[in-house]
Number of protein chains: 2
Amino acid sequence: MSQSDVEQMKRPLRRDARESRDKLIAAARAEFADHGVDASLEKIARGAGVAIGTLYRHFPTRMDLLIAALEPRLQEFVEGADTAMQMDDPWAAFVAYLDNLFAVQAGDRGFNDFLSRRFPGNAETEHIHDVMCQQIEDVLTRAQEAGKARPDITRADIVNLIWSNGRIIDATSTKAPTAWRRQLHLMLDAYRAERAHAIPEPPMTDEQLYDAMVHLSKAK
Amino acid sequence: MSQSDVEQMKRPLRRDARESRDKLIAAARAEFADHGVDASLEKIARGAGVAIGTLYRHFPTRMDLLIAALEPRLQEFVEGADTAMQMDDPWAAFVAYLDNLFAVQAGDRGFNDFLSRRFPGNAETEHIHDVMCQQIEDVLTRAQEAGKARPDITRADIVNLIWSNGRIIDATSTKAPTAWRRQLHLMLDAYRAERAHAIPEPPMTDEQLYDAMVHLSKAK
DNA sequence: GCTTAACCGGAGGGGTGCCTCAGTTTATTC
DNA sequence: GAATAAACTGAGGCACCCCTCCGGTTAAGC
């Protein structure tokens, strides 16, 4: 149940409040998309033509605003993910899942950051990450069971790829906006069962993975 | 010719100045290694037990201090790179070059950041990057001509890998400090010539690559 | 139109960081 | 041991950013 649902149950917002809220979300979408999840909240308020106090009235924490701002991106991702997972061919499903994920990631720095980080206090975002993790597990296992993906990789390797992709997007989004796709397809060659060579390093455990994502979300 | 050479030609530093300089470099090494090239200069001065004005007296710009701080890391890298490039087997040389580079990268966040960024104003760092770029070109071409590395990859792809690796290191250095090696070996599987699949995206041009590295060095 | 709860604005306190400069201290030289 | 250039200090100006609080404003319901 999202925050807006809760609010609607309480009482409809006053007209000016509704407008402020909408303007804030619009400004936040633009700002997070351009500058990532650490974008300045004061700048977002300015962009919305609203005072900083109003921003905090509507969104007491950065995460509240971020979740509202990322909603369409999440929607977009979920649709593409569902389509991919319904594909008959396991390898095609695996490829389509990643391509969809990365395409959304490439279009929004906020979403890009969001993918690499976990916010332990926040049940809503934790749930999103858990679901994604499970989907990756499913789509990967299916490709492995069909003999298409090498059996020695785990979801931790896919998360590595998500991090990698995020960094490439950060670097290239302005000057070579589709460059990430090249790296993805190179990596797909690495994932193929028929080309596999032994890897001299075990995959990360789930705990290491989780800690790493929390680590990325900490202020440096 | 490095800055310290220039200074030695002018006149020996006063004893207290020499000490301040040494303490600053030591503190900078620790701080850059832990927090990357954007570490706080005031914190470095505090760590050195010296006033902020003294820091600026010795190192007028952040880059001056960074270069002094990274010197041992560069040394370390150069030695490993030379060893790798002298190997007889072209594929082994390619692998050894990357493994050395990434191992150094994994040990120092400052060096890690430094690798991904270019600073157009600074002749010294530009030169380092140019040399590295040429080495990558050499070692890759040699592996390709020996038929070991697929012919359709370029140095831009290796730079992508450096960025990727950097991000993985950022995420994992505290909890899974050798995790990066797994991703490297997966990627090596992707680079192998045998049974390579076509990549539906051209490599970045040199200009795109350069711009991307400058972009990463800009304040977000 | 009056009331009032809801809403808004924005000053202000607290924090961090960059960088400068005037006043003080100190190593060195004679 | 005095003279002096070199070096050091740290307060202070500037620019951000986060978040709170309270006086003023306004939409909505009667």
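Chain A is the first sequence line, chain B the second, and so forth, proteins listed ahead of strands; every chain is numbered from 1. Below, all heavy atoms of this structure are taken into account, side chains as well, without hydrogens, waters or symmetry copies.
- At a threshold of 4.0 angstrom between heavy atoms, the contacts of B:Arg57 include nucleobase atoms, whether or not backbone atoms are also involved.
- Ion pairing of A:Arg155 with A:Asp206 is present here, as a side-chain N (NZ or NE/NH1/NH2) and a carboxylate O approach within less than 4.0 Å.
- Backbone-only engagement by B:Leu41 is indicated by non-hydrogen atom pairs under 4.0 Å involving sugar-phosphate atoms exclusively.
- Atom pair A:Leu24:CG and C:dC7:P shows a separation of 13 Å (rounding to whole Å applied).
- Closest-nucleotide positions on DNA chain D for B:Arg14 and B:Glu42 were compared, and the one nearer the 5' end corresponds to B:Arg14.
- Between the P atom of C:dT16 and the CD1 atom of B:Ile52 lies a distance of 14 Å, rounded to the nearest Å.
- Under 4.0 angstrom from either OP1 or OP2 of C:dC8 there lies at least one side-chain N or O belonging to A:His58.
- Residue contacts shown for A:Arg15 are limited to sugar-phosphate atoms, with no base heavy atom under 4.0 Å away.
- Heavy-atom distances to DNA chain C give each of B:Gly53 and B:Arg62 a nearest nucleotide, and the one nearer the 5′ end belongs to B:Arg62.
- Under the 4.0 Å criterion applied to side-chain N and carboxylate O atoms, A:Arg142 and A:Asp138 are not assigned as salt-bridge partners.
- For the pair B:Asp16 CG and C:dT24 C1', the interatomic distance rounds to 13 Å; values are reported in whole Å.
- Between B:Leu55 and B:Leu41, the shortest heavy-atom distance links the atoms CD1-O, 3.4 Å.
- With respect to the salt-bridge test (charged N to carboxylate O, under 4.0 angstrom), the residues A:Glu19 and A:Arg15 qualify.
- If you check every strand for non-hydrogen atoms under 4.0 Å, B:Ser40 touches sugar and phosphate atoms only.
- Rounded to whole Å, the distance from OH on A:Tyr56 to P on C:dG12 is 18 Å.
- Protein chain B contacts DNA chain D from D:dA5 to D:dA11, reading 5' to 3' and using non-hydrogen atoms of the protein with a distance under 4.0 Å.
- For B:Arg109 and B:Asp38, the salt-bridge test fails: no basic side-chain N is under 4.0 Å from an acidic carboxylate O.
- Summarising the geometry, the separation between CG on B:Asp64 and C1' on C:dC19 is reported as 14 Å, rounded to the nearest angstrom.
- Between the CG atom of B:Leu209 and the CG atom of B:Asn160 there is a distance of 7.5 Å, given to the nearest 0.5 Å.
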